[in-house]
Chemist: 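Starting off with a structure, shown below.
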Amino acid sequence: MPYSNVPDIKMPLPGPKAKAVIEADDKYISSSYTRGYPMVIVRGLGLAAEDVDGNVFLDMTAGIAVNATGHSHPRVVRAIQDAAANFQHMSGTDFYYPLQSTLAKMLAERTPGKSDKKVFFCNSGTEAIEACIKLARWKTGRPWVLSFRGAFHGRTYGSMALSASKAVHRTRFAPIMPAVVHGNYPYPYRAAPHLDTPEKVADDCLKYLTDTVFRREVNADEVAAIFVEAIQGEGGYVVPPDNWLPGLRELCTKHGILLVVDEIQTGMGRTGKFFAHDHWGIEADIIACAKGIASGMPLGAVIAKADVMQWPPGTHASTFGGNPIACAAAVETIKLLDEGLVENAGKVGGHLIGKLKEWAGTCDRVGEVRGRGLMVAVEFVKSRDSKEPDPALRNAVEQTAFKRGMLILGCGANNIRFCPSLTITEAEADKAVEIFAASVVDAVKG
Ligand code: PLP
């Protein structure tokens with residue numbers, strides 16, 4: 001049943017049933033999770049998310065940029081049900097089934113660049129990154145991998161070593177994987193004043209790789225791969241200047257380094273192109289994807305140039321990777337993306353950014369509104385002149401928005417991100433901006 005009134009908050013939050021669930025959760029669930037507010041979902045449809053007490057929220061998170069087709073899209077639900085009724089598992093590692101090759105072909109055909117592609121399936125983003133590290137080392141015979149400060153690539157040992165966004169991700173987990181170095185990701189809003197155009201910021205970061213990393217830390221010919229997010233996600237939805245990815249592509253080609261683009265958050269149409277790096281016209285050697293790929297079913301994929309993914313049988317595999325139910329959800333998701341959702345992400349995303357920018361003009365606590373498609377961030381500062389980050393205000397806005405019935409998430413230290421389902425309408429985007437503006441007023445008042 002579609003929800004006619006979104007949001008619809010019927011009581012002070014959390015309601016009584018939510019409180020009971022949270023109590024049980026506190027007792028039995030790992031304390032490592034980072035729940036920002038007490039949202040206890042029981043069902044949803046599209047962008048509407050209903051909690052256990054019957055309150056309905058406008059979901060601008062899509063479950064951390066995952067539900068590409070919205071909550072419980074009827075066609076995705078049907079695809080999952082049909083696949084489950086046929087068979088639930090047979091392990092693509094040891095057996096064949098048509099869904100895997102169908103999905104691999106769909107992904108390969110939608111990946112930028114002329115080279116033939118091959119696909120490896122796993123279950124999550126971090127597993128995709130681990131597979132990329134292994135593949136890059138296997139292909140090149142080189143030990144080192146490079147990523148960027150502010151990056152988030154996952155939480156297992158290899159991906160954790162590549163990540164450099166928050167110290168807590170690594171605290172008390174050392175020793176982490178060795179042979180990793182970091183460069184700087186271009187963040188124009190926070191760059192030194194003399195770098196007064198976005199292009200100069202990216203050039204400076206490229207120069208840091210050649211003049212510092214490759215000169216002082218590791219020889220370029222010992223580097224297997226450079227891992228880069230097309231748009232930095234957890235780091236703050238940082239959209240790079242136009243010369244960044246082409247510059248990295250050139251550097252990689254020059255030194256025989258594989259360019260691995262992490263499209264885990266940016267991919268599957270979210271930015272208005274199937275893969276975000278296509279905005280900059282480059283071809284990656286390897287791509288990691290997960291999150292939106294199967295509308296919430298656990299699935300990850302590594303898509304590589306066919307002449308890179310040549311590892312022999314036994315080198316890498318996964319019991320559950322490419323599970324038939326997840327593959328069926330992914331095939332249906334891609335059909336929906338093709339039928340208009342990618343285009344919608346670009347269109348409504350542009351509308352959302354425009355509306356937020358218009359509103360931000362009236363609010364001195366917003367340093368920048370930025371984004372591409374439906375990856376949109378608002379950066380909070382103490383004042384526009386000082387640019388001093390204001391994480392407390394950002395945290396408060398998450399809470400006040402929740403009370404007003406909208407789900408949003410933070411990214412970086414002081415940004416709110418909007419990463420809704422690709423089914424979002426302009427009316428829903430307008431509603432989100434209206435609630436957001438009111439929530440900022442509430443938060444500033446305290
Ligand atoms: N890479 C990026 C860019 C991400 O945003 C994330 C998760 O937020 C990951 C990797 C890790 O994905 P997962 O949580 O599925 O392991």
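Ligands are counted one by one from 1 in listed order, and the atoms in each one are counted from 1 as well. The chain is numbered in sequence order, starting from 1.
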Chemist: Can you check ring pair (Phe, Tyr, Trp, His ring centres under 6.0 Å) on Tyr157 and Phe173, steps first, answer last?
Modeler: CA-CA 9 Å; Tyr157 268 81; Phe173 296 139; 7.0 Å; no
Chemist: Where the side chain of Asp285 meets the backbone of Leu259, is there a donor-acceptor pair that is under 3.5 Å apart?
Modeler: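 It does hold such a pair.
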Chemist: For Phe275 and Trp280: C-alpha separation, side-chain torsions, deciding distance, then whether ring pair (Phe, Tyr, Trp, His ring centres under 6.0 Å) applies.
Modeler: CA-CA 10 Å; Phe275 286 120; Trp280 292 281; over 10 Å; no
Chemist: Scan side-chain atoms only and decide if Thr266 and Arg270 contain a donor-acceptor pair under the 3.5 Å cut-off.
Modeler: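 Side-chain D/A pair, Thr266 to Arg270: absent.
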Chemist: Decide side chain to side chain contact (heavy atoms under 4.5 Å, CB included) for Asn55 and Glu50; before the verdict, give the C-alpha distance in whole Å, the side-chain angles of both, and the deciding distance to 0.1 Å.
Modeler: CA-CA 6 Å; Asn55 299 297; Glu50 183 181 339; over 6 Å; no
Chemist: Just to be sure I understand the cut-off, which residues have at least one non-hydrogen atom under 4.0 angstrom from an atom of ligand 1?
Modeler: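 Correct list: Ser124, Gly125, Thr126, Phe152, His153, Gly154, Glu229, Glu234, Asp262, Ile264, Gln265, Lys291.
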Chemist: Please output the side-chain donor-acceptor pairs of residues 224-231 that fall under 3.5 Å, not counting sequence neighbours, one pair per line with the distance.
Modeler:
unit_1, atom_1, unit_2, atom_2, d
Glu229, OE1, Phe152, N, 3.2
Glu229, OE2, Gly233, N, 3.0

